[in-house]
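For reference, the structure is listed below as structure tokens.
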Amino acid sequence: MTRDPAWWAAFQAGAFFFALGLVLVLALLPWWLARVERARWRPMRRMLALAALQAHRDCGENVLALSREFFRENGAAPLDRLVRARATIERQAADGARFGRTMAVYAPAVDARHAALLADTAALAELAGRTLAGLTRLYLGQATVRVGANAVHGDDALGYAPAQLVSLSYVAEMEALADGFAEAAAGHRMGLEKVLGRRARKAVRPELERIDADVAMLSADVQRFCGRLQPVDAGDVTYKTRAQGERGNRTLDALIARFDRR
């Protein structure tokens, strides 16, 4: 039988197609399983990307909210401004914690690409919290604080006089905080756009541009605010003899307690 040319040709053809089928299975099966795995986790990975987008949005809104209270012309009562500033800082902390819980829930779906985005998002949320706390500390540290005798005839004040003397390092630190956050937010947006699909990227681009404008507004507000101050060397005689105001505790909670007459 083995000498039969027809049988031998049929055997060779069968062996060839068997080997070809085996090669195709070995080659295509991992590819197919990878596709199935990606399809399985795709909805959860989309939720992770949307959570990163929400965290990006929250950071922009919170830094802009604090900027409105401290670095723009604000005629509101000092107590109202301080309460809103504290609420903004607390909201940023809550937003960061919510993002952390979302990452924990969807952790099984994380791949290398999403892991990098999530790490950057967590870092951005943490940086936003430090930026808000740092700007608040700096603003309150040398602001004029005056509490009136009572709510009706009081003369409350919280702010800065035109050309108020401040140290050079004060202005540099404040501008560095705002610019550093803006740079980190821009980098995070680039990572976010890489993870989002083309259709999703196109859909959220107007919102991302609005968030960029909010973040840029923080830097512009801080620069405009610092431009109205008079930065001098800390060893300058005029700086050393400037009006110090009250030297009490300048934390948010302490100032809120002072202004709150209830």
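Sequence positions, counted from 1, serve as the residue numbers for this chain.
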Checklist entry - Okay, side chain of R81, backbone of E69: is any donor-acceptor separation there less than 3.5 Å? => result yes
Checklist entry - Which distance, rounded to the nearest 0.5 Å, do you find between the CD of E61 and the CZ of R91? => result 8.0 Å
Checklist entry - Are T238 and L165 side-chain neighbours, meaning at least one heavy-atom pair lies under 4.5 Å? => result yes
Item to check | Hphob cluster co-occupancy, F99 + M47, side-chain heavy atoms under 4.5 angstrom | outcome: yes
Item to check | Minimum-distance pair of heavy atoms, taken over all atoms of F259 and A157 | outcome: CZ-O, 3.6 Å
Item to check | Verdict with supporting geometry, E193 and K202, salt bridge (Lys or Arg N to Asp or Glu O under 4.0 Å) | outcome: CA-CA 9 Å; E193 288 185 326; K202 183 178 180 180; over 6 Å; no
Item to check | Inter-residue atom distance L53.CG - R189.CZ, 0.5 Å rounding | outcome: 10.5 Å
Checklist outcome for this item: In terms of heavy-atom contacts, A52 and L192 come closest through CB-CD1, 3.9 Å
Next on the checklist: With rounding to the nearest 0.5 angstrom, report the CG to CG distance, L158 to D80.
Outcome noted: 11.5 Å
Checklist entry - When you look at R250 and R137, which way does the side-chain contact (heavy atoms from CB on, under 4.5 Å) test go after all the steps? => result CA-CA 8 Å; R250 290 297 185 87; R137 172 183 56 81; over 6 Å; no
Checklist entry - Going through the distances and angles, do T121 and H188 end up as a side chain to side chain donor-acceptor pair (under 3.5 Å)? => result CA-CA 7 Å; T121 305; H188 182 262; 2.6 Å; yes
Checklist entry - Does Q142 offer a backbone N or O that forms a donor-acceptor pair with the side chain of Q164 under 3.5 Å? => result yes
Next on the checklist: Between F225 and Y139 (judged by ring centroids, cut-off 6.0 Å), do the two rings come close enough to count as a pair?
Outcome noted: yes
Item to check | For M217, the rest of its hydrophobic cluster, which grows through side-chain links under 4.5 angstrom | outcome: L64
Next on the checklist: Same cluster or not: V105 versus M103, using hydrophobic residues (I, L, V, M, F, W, Y) connected whenever any side-chain heavy atoms lie under 4.5 Å apart?
Outcome noted: yes
Checklist entry - Residues in side chain to side chain contact (heavy atoms under 4.5 Å, CB included) with V171, at least two apart? => result V166, E175, C226, P231
Checklist entry - Are the side chain of R224 and the backbone N or O of S219 linked by a donor-acceptor pair below 3.5 Å? => result no
Item to check | Contact summary for A125 and C59, nearest pair of heavy atoms | outcome: CA-SG, 3.8 Å
Checklist outcome for this item: Residues passing the side-chain hydrogen bond (donor to acceptor under 3.5 Å, both in side chains) test with R130, sequence neighbours excluded, are E126
Item to check | Neighbour count above 12 (heavy atom, 6.0 Å) for F70 CZ | outcome: yes
Checklist outcome for this item: Between G180 and L127, the two heavy atoms sitting closest are O-CD2, 4.1 Å
Checklist outcome for this item: Taken to the nearest 0.5 Å, the spacing of H56 NE2 from L124 CG works out to 7.0 Å
Item to check | Closest non-hydrogen atom pair, G134 against L177 | outcome: C-CD1, 3.7 Å
Checklist entry - Taking it one step at a time, do D58 and R98 satisfy salt bridge (Lys or Arg N to Asp or Glu O under 4.0 Å)? => result CA-CA 11 Å; D58 293 337; R98 184 177 64 249; 2.8 Å; yes
Item to check | side-chain contact (heavy atoms from CB on, under 4.5 Å) between F71 and L135, intermediate numbers included | outcome: CA-CA 10 Å; F71 304 116; L135 291 175; 4.2 Å; yes
Next on the checklist: I need the minimum non-hydrogen distance between T136 and L132, along with the two atoms involved.
Outcome noted: OG1-O, 2.8 Å
Next on the checklist: Can you confirm whether E183 is buried at CD, in the sense that more than 12 heavy atoms of other residues, nucleotides or ligands lie under 6.0 Å from that atom?
Outcome noted: no
Checklist entry - At what distance, to the nearest 0.5 angstrom, does CG of L252 lie from CD of E90? => result 9.0 Å
Checklist outcome for this item: Separation between NZ (K194) and NE2 (H114), nearest 0.5 Å, reads 14.0 Å
Next on the checklist: Go through it in stages, so that I can follow the logic: the residues are D233 and Y239, the test is side-chain contact (heavy atoms from CB on, under 4.5 Å), and I'd like the CA-CA distance, side-chain angles, deciding distance and then a yes or no.
Outcome noted: CA-CA 7 Å; D233 191 286; Y239 180 75; over 6 Å; no
Item to check | Side chain Y170, main chain L138, donor-acceptor under 3.5 Å | outcome: yes
Checklist outcome for this item: From the list T88, T131, D95, side-chain hydrogen bond (donor to acceptor under 3.5 Å, both in side chains) with N62 holds only for D95
Checklist entry - Is a side-chain N or O of S67 found less than 3.5 angstrom from the main chain of V63, in a donor-acceptor match? => result no
Checklist entry - Judged by atom type as modelled, is there a donor-acceptor pair below 3.5 Å linking the side chain of R146 to the main-chain atoms of D156? => result no
